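Residues take their numbers from the sequence shown, with the count starting at 1. Ligands are counted one by one from 1 in listed order, and the atoms in each one are counted from 1 as well. Hydrogens, waters and symmetry mates are skipped; everything else that's a heavy atom, side chains included, is used. Computed from a prediction, not measured in an experiment: that's the story for all the values here.
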Amino acid sequence: MSVTFRKLALVGIGLIGSSIALAARRQNLVETIAIATRRAETLAEARALDLGDIYTLDAAEAVRGADLVILCAPVGAYGALAEAIGPFLEPGAIVSDVGSVKEHVVKVVGPHVPEGVHFIPGHPIAGTEHSGPSAGFAELFAGRWCVLTPGADVPAAATARLVAFWQAMGSMVECMDAAHHDMVLAITSHIPHLIAYNIVGTVADLEADTKSEVIKFSASGFRDFTRIAASDPVMWRDVFLTNRDAVLEMLGRFNEDLSVLQRAVRTGDGPALEALFTRTRAIRRSIISAGQETAAPDFGRPHEAAPPATPLPVRDHGGGDDA
Ligand SMILES: NC(=O)c1ccc[n+]([C@@H]2O[C@H](COP(=O)([O-])OP(=O)(O)OC[C@H]3O[C@@H](n4cnc5c(N)ncnc54)[C@H](O)[C@@H]3O)[C@@H](O)[C@H]2O)c1
Ligand SMILES: O=C(O)C(=O)C[C@]1(C(=O)O)C=C[C@@H](O)C=C1
């Protein structure tokens, strides 16, 4: 794939921003990469890693002349960032993001995007528990979904350009509306993280209460939870602050099902327990045999899906243990 964008501006350069920089460079998708960060230390780290061509602490400067701008900061920072860059966006440019939540992004970024600039929110469903510019790698998006939520007013050609960009980095792309995205991700990503944060906290409290070792005796089940419970606190704080309604709705369903399970345990209902565990094992096995360590959510209503144009090698980053 040859160059598709003249200047890519990445606003925020942690795990996701640096992975985009590396993948876009490797696939020769952009001529110039401008990187903006809030902190000088992060910018110096990005420079030392040679992630871009232009480095600045001023987001507005980074987006000047850019035909693709991608916000890669925690979603809580998006409103202020959009306000800062809005007046400097080039007519015809595409403005996107990678935030884990989409309706909030539409609400806080949309009003700052001038007419003639195409706003296409996005979310690569790929990540790890690591953060910062040195955490990125070019294969992060290979074989993973990327969801785009373009508004009705976005020209099809602009969406097609962004779809091609993500496909060239190895992603499978699907478009949907922001509310549907937030509901699906609440149950497949946000609540699993909430459960992990909760169980690790409960175990730590138990250890403190009983003044005895608990974590020391944990085997792989608990350790699997500790991996995602190590994910970036600011990023996840913002996810729960900005996807509150969908998370609470899905948490309601989750709690109902947990109550059913609790009753089965209390009443010694072996068949009910075995039936559920048999069903969930089959789900896990179908995910593995489909070649995805991480579940690709069933989005229900695909209307734009295609295999990656030039697949990158898939690196296992879904279930590792860095301990
Ligand atoms: N980590 C994941 O697994 C994952 C996966 C998909 C999408 N996302 C989304 O990607 C975005 C970035 O996540 P990440 O994992 O790369 O995080 P990260 O912590 O690795 O990096 C975030 C970067 O944003 C910048 N930043 C932080 N606060 C800022 C502020 N107030 N103003 C401007 N810039 C700021 C810094 O450059 C920082 O390095 C988030 O919106 C997150 O929801 C994360
Ligand atoms: O693999 C992980 O560590 C992740 O948490 C990745 C994960 C997910 O829940 O699947 C986390 C947040 C994102 O918005 C997208 C992907």
(request) Mind checking whether S231 contacts ligand 1 via backbone (N, CA, C, O), side chain (CB onward), both or neither, at a 4.0 Å heavy-atom cut-off? (result) neither

(message) Consider side chain to side chain contact (heavy atoms under 4.5 Å, CB included). Of I125, N243, V101, which one does L185 pass it with?
(response) I125

(message) I want to know if ligand 1 touches I13 in the polar sense, i.e. an N/O pair below 3.5 angstrom.
(response) yes

(message) Measuring from non-hydrogen atoms of G132 to any atom of ligand 1, is the shortest distance under 4.0 Å?
(response) yes

(request) Inspect the contact between R39 and E45 and indicate whether a charged nitrogen and a carboxylate oxygen are less than 4.0 angstrom apart. (result) no

(request) Look only at interatomic distance and state if I16 has a nitrogen or oxygen under 3.5 Å from any nitrogen or oxygen of ligand 1. (result) yes

(message) So is T128 touching ligand 1 or not, going by heavy atoms under 4.0 Å?
(response) yes

(message) Tell me the contacting part of E129 for ligand 1: side chain, backbone, both, or neither, using a 4.0 Å heavy-atom threshold, strictly below.
(response) neither

(message) Considering both backbone and side-chain atoms of R227, is one of its nitrogen or oxygen atoms within less than 3.5 Å of a nitrogen or oxygen in ligand 2?
(response) yes

(message) Once you restrict to heavy atoms under 4.0 Å, what part of S100 touches ligand 1? Side chain, backbone, both or neither.
(response) both

(message) Pairs of nitrogen or oxygen atoms closer than 3.5 Å, one from H193 and one from ligand 2: do any exist?
(response) yes

(message) Checking the N or O distance criterion of under 3.5 Å, is ligand 2 in contact with G127?
(response) yes

(message) Under 4.0 Å, heavy-atom basis, I'd like to know which part of A126 is in contact with ligand 2: side chain, backbone, both or neither.
(response) backbone

(request) Say whether F165 and F137 are linked into one hydrophobic cluster, either directly or through other cluster members, by side-chain heavy-atom distances under 4.5 angstrom. (result) yes

(request) For the pair D177 and K102, find out whether any cationic side-chain nitrogen is under 4.0 Å from an anionic carboxylate oxygen. (result) no

(request) Report yes if some N/O of S189 lies less than 3.5 Å from some N/O of ligand 2; otherwise report no. (result) yes

(message) Taking a cutoff of less than 4.0 Å between a non-hydrogen atom of the residue and any ligand atom, is W236 in contact with ligand 2?
(response) yes

(message) Quick check: H130 and ligand 1, any N/O pair under 3.5 Å apart?
(response) no

(message) So for A126, does at least one of its heavy atoms come nearer than 4.0 angstrom to any atom of ligand 1?
(response) yes

(request) Before accepting this row, confirm whether a basic side-chain N of the pair R25/D53 lies closer than 4.0 Å to the acidic partner's carboxylate O. (result) yes

(message) Using a 4.0 Å heavy-atom cut-off, which part of F141 comes near ligand 1: side chain, backbone, both, or neither?
(response) neither

(request) Could you pull out, from P74, G12, A73, S18, the option with a heavy atom nearest to atom 27 (C) of ligand 1? (result) P74

